[in-house]
Number of protein chains: 2
Amino acid sequence: MTLLDETNGRILTLLQQNARLTHAQIAREVGLTAPSVAERIRKLEDAGIIERYTATLNPQKLGYTLKAFIHLTCPASRYRAVQEWAQNKKEVREVYHVLGQVSLMLDVQARSIEDLEKLVQELSTFGTTETTLVFSTLMHQNMW
Amino acid sequence: MTLLDETNGRILTLLQQNARLTHAQIAREVGLTAPSVAERIRKLEDAGIIERYTATLNPQKLGYTLKAFIHLTCPASRYRAVQEWAQNKKEVREVYHVLGQVSLMLDVQARSIEDLEKLVQELSTFGTTETTLVFSTLMHQNMW
DNA sequence: GGTGAAATCTTCCTGGT
DNA sequence: ACCAGGAAGATTTCACC
């Protein structure tokens with residue numbers, strides 16, 4: 001068996017849709033037994049294809065009503081400082097190092113416009129920022 | 001009990017770190033019994049705070065060696081067409097509707113530069129594009 | 001790689017405080 | 001809201017193909 005055959009593809013799709021499915025439930029879907037599904041999943045984990053299992057929370061319900069991307073242009077020597085600053089901010093979801101004039105891109109969420117303003121102000125100490133506010137997410141796709 | 005007390009916060013943190021933890025394991029961590037943890041999780045799900053449980057796959061291991069954001073400026077009347085196009089593309093992870101001159105922002109992955117070029121070319125039929133290639137992800141933060 | 005069966009653990013349900 | 005106990009079901013391990 002190759003690690004990315006049809007059956008494992010279906011297992012990956014199922015686990016992306018619901019990571020708490022039991023091996024028995026998955027086994028029924030793909031036409032195998034539970035131990036055999038468990039073995040396949042273990043190999044996918046060992047190979048690093050499955051990185052982790054995570055619960056996705058609803059930002060709105062936690063008070064984060066705004067989502068934005070902040071492009072930060074700053075010297076590479078400040079990257080570490082930005083990263084350390086970001087570590088303590090629940091508002092910062094991800095920090096990307098990107099190619100081009102803009103050097104860092106931050107995926108952020110905020111509880112209010114004032115909250116967002118504060119983030120941008122603090123980031124301004126590192127370099128120049130450009131903020132793109134998100135209206136809505138039109139689509140989300142699974143990986144497999 | 002309020003739905004977002006200290007205990008539920010810890011449960012949410014644990015489930016974000018590993019969505020496949022058993023109720024018994026979580027119960028040991030937070031000092032409760034399994035049925036009581038199960039009840040709390042059920043309420044968090046019902047309230048929509050927990051949206052879903054998902055397996056996170058490693059894009060690299062699936063052949064997606066490139067990550068990029070594509071900003072697409074196009075008339076609002078084309079949004080639906082873009083969305084339909086994106087639906088059939090495994091390369092497109094998310095589509096955001098954003099404020100400003102740029103109207104849509106696509107989070108994409110590609111297997112090669114040629115693959116990325118093809119995406120950009122196809123998107124060009126909807127409007128003007130600007131692509132930001134991602135070097136690396138410096139940080140990822142949990143929500144709670 | 002896969003199965004089937006036994007031992008162990010988890011979950012689900014009920015009833016009690 | 002939480003706990004305890006028991007039934008039902010899931011996981012894990014192992015011998016076998």
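Below, chains carry the letters A, B, ... as their sequence lines are ordered, and counting in each starts from 1. Quick note: numbers below take in every heavy atom, side chains included, and nothing from hydrogens, waters or symmetry partners.
- Looking only at side-chain heavy atoms (C-beta outward), A:Leu72 and A:Thr128 stay at 4.5 Å or farther from each other.
- Secondary-structure annotation of DNA chain D gives the stems C:3-17 with D:1-15, with a stem taken as at least 3 successive Watson-Crick or G-U pairs whose two distances both fall under 3.5 Å.
- Relative to the ring axis of A:Tyr64, A:Lys61 does not place its NZ or CZ within 45° and under 6.0 Å from the centre.
- With D:dT13, C:dT10, D:dA4 as the choices, the nucleotide that has an atom nearest any side-chain atom of A:Pro35 turns out to be D:dT13.
- In this model, the phosphate group of D:dA10 is approached by a side-chain N or O of A:Arg28 to a distance below 4.0 Å at OP1 or OP2.
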Derivation and outcome, salt bridge (charged side-chain N to carboxylate O under 4.0 Å, His left out), residues A:Asp5 and A:Arg10: CA-CA 9 Å; A:Asp5 63 0; A:Arg10 282 159 71 196; over 6 Å; no

Salt bridge (charged side-chain N to carboxylate O under 4.0 Å, His left out) between A:Arg42 and A:Glu39, intermediate numbers included: CA-CA 5 Å; A:Arg42 193 189 56 72; A:Glu39 175 71 0; 3.2 Å; yes

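- Taking only side-chain atoms of B:Thr33, from C-beta outward, the nucleotide of D:dT11, D:dC3, C:dG1 with the closest atom is D:dC3.
- Distances from the side chain of B:Leu32 to the nucleotides C:dT3, D:dC3, C:dT10 place D:dC3 closest.
- Here the nucleotide nearest the side chain of A:Ala38, chosen from D:dT12, D:dA10, C:dT3, is D:dT12.
- Checking the phosphate oxygens (OP1, OP2) of C:dG2, a side-chain nitrogen or oxygen of A:Arg40 falls inside 4.0 Å.
- Judged by a 6.0 Å distance limit and a 45° cone about the ring axis, B:Arg78 is not positioned over the six-membered ring of B:Phe126.
- Dashed line: the shortest gap from a side-chain N or O of B:His23 to OP1 or OP2 of C:dC9 is not under 4.0 Å.
- Not one side-chain nitrogen or oxygen of B:Ser36 sits closer than 4.0 Å to the OP1 or OP2 atom of D:dA1.
- The 5' end of DNA chain C is approached more closely, in terms of each residue's nearest nucleotide, by A:Gly31 than by the other of A:Arg20 and A:Gly31.
- Under a hydrophobic-cluster definition in which Ile, Leu, Val, Met, Phe, Trp and Tyr are linked whenever side-chain heavy atoms come within less than 4.5 Å, directly or via other members, B:Phe135 and A:Met105 are assigned to different clusters.
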